[in-house]
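The structure appears right after this line, and notes come after that.
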Amino acid sequence: MTEHWLPEILRSPLAAFIGEACTVTLVDQLNIFEPACLRYALSKGLGLGIVLGGCVVKLPQLFKILKSKSVAGISLSSYVLEVIANIITIAYNFRKGYDFTTYGEALFIGAQNYIITLLILLMTGRASLGLLAGAFLAVFTHALFSSALVNSALLSTLYGLTIPLVVSSRIPQIYTIHKNKYTGQLSAFAVFNYFFGTAARLFTTLVQVDDPLVLVGVVLATVANGVLAAQMLYYWNAPAPKDKYRLDSKKDE
């Protein structure tokens with residue numbers, strides 16, 4: 001029997017995180033280059049990092065909107081589509097029983113996306129639509145988590161539809177930037193974190209999730225986020241057009 005040199009207070013949570021077998025191999029036996037366990041541990045660590053990053057990835061965007069009192073250059077349809085995709089993603093992975101570290105960021109990003117959607121509606125004079133959207137999303141979420149209302153086959157179909165949905169949620173934003181030749185109030189931090197996060201998620205999916213549907217979705221999301229990141233770099237110092245979505249300008253009219 002392998003002796004445990006690591007104090008139990010540290011070893012127990014580690015074993016719960018990467019599994020007893022890999023803890024024995026990587027920690028107890030110090031066989032840190034064992035391929036299977038090394039890949040798994042890296043995947044779990046990256047997954048946890050992505051989830052934690054998802055807790056804050058949209059905060060700079062939120063603060064930028066609140067500070068500038070403007071939603072210029074931000075596509076409402078992109079955020080609406082993304083919120084719907086987030087909810088379906090969470091329901092699908094949860095009901096499939098996949099590890100939370102392989103999809104957990106969708107929960108936190110979805111919440112932040114919804115708040116940004118409300119801000120866009122507020123700053124464009126459509127605040128009442130936010131209440132209707134909230135009611136719809138509550139009913140929609142309940143249905144997705146209930147196997148009595150949405151069976152597994154239908155949920156898989158809906159998740160399959162999120163693949164083009166995720167890509168299409170980026171297209172309006174990509175088009176808006178291309179049309180304006182300006183990134184507006186879009187947060188560079190959020191864009192680049194999205195890109196690197198989905199790239200890392202590609203690795204964790206390959207290692208931990210044996211689901212072609214999930215893999216295809218992650219690949220396409222990485223490509224779409226890569227296009228946005230490229231636009232952010234290309235239009236980094238582009239001059240700002242007249243901002244018709246600024247609250248201050250509306251008050252002065």
Side-chain angles (χ1 to χ4, degrees), residues 13-20 22 39-59 78-118 133-170 190 193-194 197-222 224-225:
L14 184 61
F17 187 60
I18 65 173
E20 180 63 28
C22 282
R39 281 196 305 272
Y40 184 73
L42 286 174
S43 177
K44 291 283 286 187
L46 276 174
L48 180 60
I50 294 169
V51 172
L52 293 176
C55 296
V56 300
V57 68
K58 291 299 183 78
L59 292 185
S78 285
Y79 276 94
V80 171
L81 290 171
E82 195 172 348
V83 168
I84 294 172
N86 289 145
I87 295 171
I88 295 173
T89 296
I90 295 165
Y92 178 82
N93 283 274
F94 177 82
R95 286 177 56 175
K96 282 284 187 177
Y98 295 142
D99 195 306
F100 185 72
T101 60
T102 64
Y103 69 91
E105 72 278 7
L107 174 63
F108 303 106
I109 292 174
Q112 294 167 80
N113 281 335
Y114 179 63
I115 294 172
I116 291 173
T117 300
L118 291 179
F136 166 76
L137 290 176
V139 173
F140 183 61
T141 301
H142 173 71
L144 290 180
F145 278 86
S146 171
S147 57
L149 297 175
V150 177
N151 60 35
S152 297
L154 179 55
L155 184 59
S156 294
T157 300
L158 290 173
Y159 184 76
L161 292 174
T162 66
I163 295 174
L165 191 63
V166 168
V167 176
S168 63
S169 75
R170 299 292 187 272
N193 269 272
Y194 250 131
T198 49
R201 177 58 73 211
L202 182 58
F203 173 76
T204 67
T205 300
L206 287 168
V207 174
Q208 292 181 254
V209 181
D210 184 18
D211 191 326
L213 203 57
V214 175
L215 180 60
V216 170
V218 174
V219 169
L220 292 179
T222 302
N225 288 331

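Worth knowing before you read on, the calculation uses all heavy atoms, side chains too, and leaves out hydrogens, waters and symmetry mates.
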Checklist entry - Under the side-chain contact (heavy atoms from CB on, under 4.5 Å) criterion, do Leu213 and Ile163 qualify, and how do the steps go? => result CA-CA 8 Å; Leu213 203 57; Ile163 295 174; 3.9 Å; yes

Checklist entry - Would Tyr103 and Val209 satisfy side-chain contact (heavy atoms from CB on, under 4.5 Å), going step by step from the backbone distance to the final call? => result CA-CA 10 Å; Tyr103 69 91; Val209 181; over 6 Å; no

Checklist entry - Passes side-chain contact (heavy atoms from CB on, under 4.5 Å), Leu215 versus Leu206? Steps please. => result CA-CA 7 Å; Leu215 180 60; Leu206 287 168; 3.7 Å; yes

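Here the closest heavy-atom approach between residue Tyr114 and residue Ala133 is recorded as OH-C, 4.4 Å. Across all non-hydrogen atoms, the minimal contact from Asn93 to Tyr159 is ND2-CE1, 4.2 Å. Closest approach of Ile50 to Gly197, counting heavy atoms only: CD1-O, 3.6 Å. Residue Gly54 comes nearest to Gln112 through the heavy atom pair O-NE2, 2.6 Å, listed as atom of the first residue, atom of the second, then distance. The two residues Val150 and Ala143 make their nearest non-hydrogen contact at CG2-O, 3.2 Å. For Leu149 against His142, the heavy-atom pair with the smallest separation is CD1-CD2, 3.9 Å.
One finds the CZ atom of Arg95 at 5.0 Å from the OG atom of Ser152 (value rounded to the nearest 0.5 Å). One distance of note links OG1 of Thr141 with CD1 of Ile87; it measures 3.5 Å at 0.5 Å rounding. Taken to the nearest 0.5 Å, the CG atom of Leu59 stands 11.0 Å off from the CG atom of Asn193. Residue Thr117 holds its OG1 atom at 8.5 Å from CD of Glu82, rounded to the nearest 0.5 Å. We find the OG1-CG distance between Thr205 and Asp210 to be 11.5 Å, quoted to the nearest 0.5 Å. In this structure, OH in Tyr79 is found 11.0 Å from CG in Asn86, a value given to the nearest 0.5 Å.
Judged by distance alone, the side chains of Ser43 and Gln208 do bring a donor and an acceptor atom under 3.5 Å apart. Side-chain contact annotation: Thr198 with Arg201, donor-acceptor N/O pair under 3.5 Å absent.
The closest donor-acceptor contact from the side chain of Thr89 to the backbone of Ala85 lies under 3.5 Å.
When side chains are defined from C-beta on, Ile90 counts as touching Phe145, because their heavy atoms get closer than 4.5 Å. Residues Val218 and Thr222 meet the side-chain proximity criterion, which asks for heavy atoms closer than 4.5 Å. For the pair Lys96 and Thr102, the minimum side-chain heavy-atom distance is 4.5 Å or more. Looking at heavy atoms from C-beta onward, Thr162 lies out of side-chain contact with Tyr92 at the 4.5 angstrom threshold. The closest side-chain heavy-atom distance from Phe203 to Leu42 is below 4.5 Å. No side-chain heavy atom of Thr204 sits under 4.5 Å from any side-chain heavy atom of Thr101. Between Ile88 and Phe140 there is a side-chain heavy-atom pair separated by less than 4.5 Å. Side chains of Tyr98 and Asp211 form a contact here, defined as non-hydrogen atoms less than 4.5 Å apart.
Under a cutoff of 6.0 Å and an axis angle of 45°, Arg170 and Tyr194 form a cation-pi pair.
Counting heavy atoms of neighbouring residues, nucleotides and ligands inside a 6.0 Å radius, atom CZ of Phe94 does not exceed 12 of them.
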